[in-house]
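Throughout, a chain's letter reflects where its sequence line sits, starting with A, and its residues are numbered from 1.
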Protein chains: 2
Amino acid sequence: MPNRSLAVTEMACADCPIRHRAVCARCESDELEKLDAIKYYRRFEAGQTIAWAGDKMDFVASVVEGVASLTQTMEDGRRQMVGLLLPSDFLGRPNRESVSYDVTAATDVMLCCFRRVPFQGLIEETPHLSQRLLEMTLDELDAAREWMLLLGRKTAREKIASFLSIIARRDASLKNSKNAMELAFDLPLTREAMADYLGLTLETVSRQMSALKRDGVIELKGKRHIIVPDVEALMDETGDDADGGVYI
Amino acid sequence: MPNRSLAVTEMACADCPIRHRAVCARCESDELEKLDAIKYYRRFEAGQTIAWAGDKMDFVASVVEGVASLTQTMEDGRRQMVGLLLPSDFLGRPNRESVSYDVTAATDVMLCCFRRVPFQGLIEETPHLSQRLLEMTLDELDAAREWMLLLGRKTAREKIASFLSIIARRDASLKNSKNAMELAFDLPLTREAMADYLGLTLETVSRQMSALKRDGVIELKGKRHIIVPDVEALMDETGDDADGGVYI
DNA sequence: TTCGACATTTGATCTCGATCAAATACAGTC
DNA sequence: GACTGTATTTGATCGAGATCAAATGTCGAA
């Protein structure tokens, strides 16, 4: 199971080295300086498009704050989210000039960007960096495969429960919260974006959320704030085995 | 678009360096010797299980011949394929002891295995190797994301057409065939395995295959040999834009 | 050639989630 | 506080694909 909390914990470090550490946990200080030389920050507002599929992208980035999504769109408008990037996640392919997916800020987002070409050079000089990126990419591939099981075989109710438990887990690890029985967190996505994530319509998302609320599995404060009175009960709805294995 | 044909073409090399080159296109000869020292071959028959989810796996491997699948199973028996490995594809996570998915030989398979722990050591000493693995993993992630669009949003008919075009493309590149209008290839999967790939039932797979045949999009010789009289016509059924972007 | 074990096809029916439509909640602005 | 635009919920109906069931094809062994 991928240890995302490592990178996440390191985000608590002073100043900014976060994104360096998130990218490369073992870089020496001179390597960090090289990273420093090619980095800059960018902010995006919720709903804003960071890049369209096919755009040239001259940077790669670490997500510092907020949530960004990768989405594919078919000609007739059908949309499927294929990536959800939370703080410490990596965005972009170092040696690919253009993006393959629409990249959108789901919430307000802060990126720590690295100029792509020099970053690619750094990868070639810095073994730790490509090893670290390999680990992060393998974790992302594992997450994509769990996601494929969800898309291909789970019921609408299981999809919703799985999504909530994925967000809850990552959100909880961000807050370093005690593993209390009760869990509370905010949804970073609209119902429509949840539908794009889960391969459902927004109406079905809404109905299943209502059903889980009716059945006491979750409570809603406003539209976005979720309380899970009993984490086990939520897990039972996901269709996954008890010991987990789901991560995003 | 990932250039898989590079690795594949190199498979034509004399003797065995195939799998070395497939793993690391730029390795120096002494690095190849180190790889040689920790490699061995294994054969599996169609239908045989290579590893069960949760098993310790003491090797990683390159697929030399045949097709292997990665599959996830839920407690109640629902199954979803999450990886399909063709020749030149890589199997396993160097620094993870156990597999997360059932690995099955879909056809007779020949693997070139590398002992895992020494291989992990080699990665740490050989920058080219982790860069090469990073590229391969990013390609696999792209493929997984196309697959997610298929699972989440495509109709049964589009799923079948997409699957056929994916197999046709990879099979064609293996055979170095001229890009003729007509295309012929063998399916490496049973209807049931196709269903697991596509998130459908085997009955639906069968019905949609019959429908595509009835509509003249494909011809069947036996159950497994497919002829595509007009590649464009098949592509039109996939739901993808004309210029492609789908690969496995 | 027949038998048996599978893989595949085809048929009949049912169901979950999609679609179409309308009501409600909510946040920001004037 | 009324107004506007957007997000969300709820209702009614439909249909693609699942499910249950049976027939057909295929290949190797006896």
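Among the protein residues, A/Arg224 comes within range of the sugar-phosphate backbone only, with heavy atoms under 4.0 Å from sugar or phosphate atoms but none that close to a base. B/Gly199 comes within 4.0 angstrom of sugar-phosphate atoms only, judged by non-hydrogen atoms across all strands, and of no base.
Straight-line distance from the CG atom of A/Leu150 to the P atom of C/dG17: 12 Å, rounded to whole Å. Rounded to a whole Å, the NZ atom of B/Lys223 is 13 Å from the C1' atom of C/dC6.
In this structure, B/Lys159 does not pair ionically with B/Glu237, as no charged nitrogen and carboxylate oxygen lie closer than 4.0 Å. Contact check on B/Arg96 versus A/Asp139 returns a salt bridge, with a Lys/Arg side-chain nitrogen under 4.0 Å from an Asp/Glu carboxylate oxygen.
The outermost nucleotides of DNA chain D lying under 4.0 Å from heavy atoms of chain A, listed 5' to 3', are D/dT8 to D/dA12.
By the 30° and 60° cut-offs, the orientation of the rings of A/Tyr197 relative to A/Phe163 is perpendicular.
Sorted by first and then second residue, the pairs that involve residues 208-228 of chain A and meet side-chain hydrogen bond (donor to acceptor under 3.5 Å, both in side chains), not counting sequence neighbours, are A/Arg157-A/Asp215, A/Asp186-A/His225.
Residues of residues 201-215 of chain B that place a heavy atom closer than 4.0 Å to DNA chain C, in numerical order, are B/Leu202, B/Glu203, B/Ser206, B/Arg207, B/Ser210.
For A/Glu45, the side chain to side chain contact (heavy atoms under 4.5 Å, CB included) partners two or more places apart in sequence, or in a different chain, are A/Gln48, A/Asp108. Not a single side chain to side chain contact (heavy atoms under 4.5 Å, CB included) links B/Asp236 to another residue, sequence neighbours left out. Scanning for side chain to side chain contact (heavy atoms under 4.5 Å, CB included) contacts around A/Thr201 gives A/Glu203, A/Thr204, with sequence neighbours left out.
DNA chain C is contacted by both A/Arg157 and A/Gly222; A/Arg157 maps to the nucleotide lying nearer its 5′ end (nearest heavy atom per residue).
For the side-chain hydrogen bond (donor to acceptor under 3.5 Å, both in side chains) criterion with A/Arg145, the lone passing option out of B/Gln72, B/Glu140, B/Gln80 is B/Glu140.
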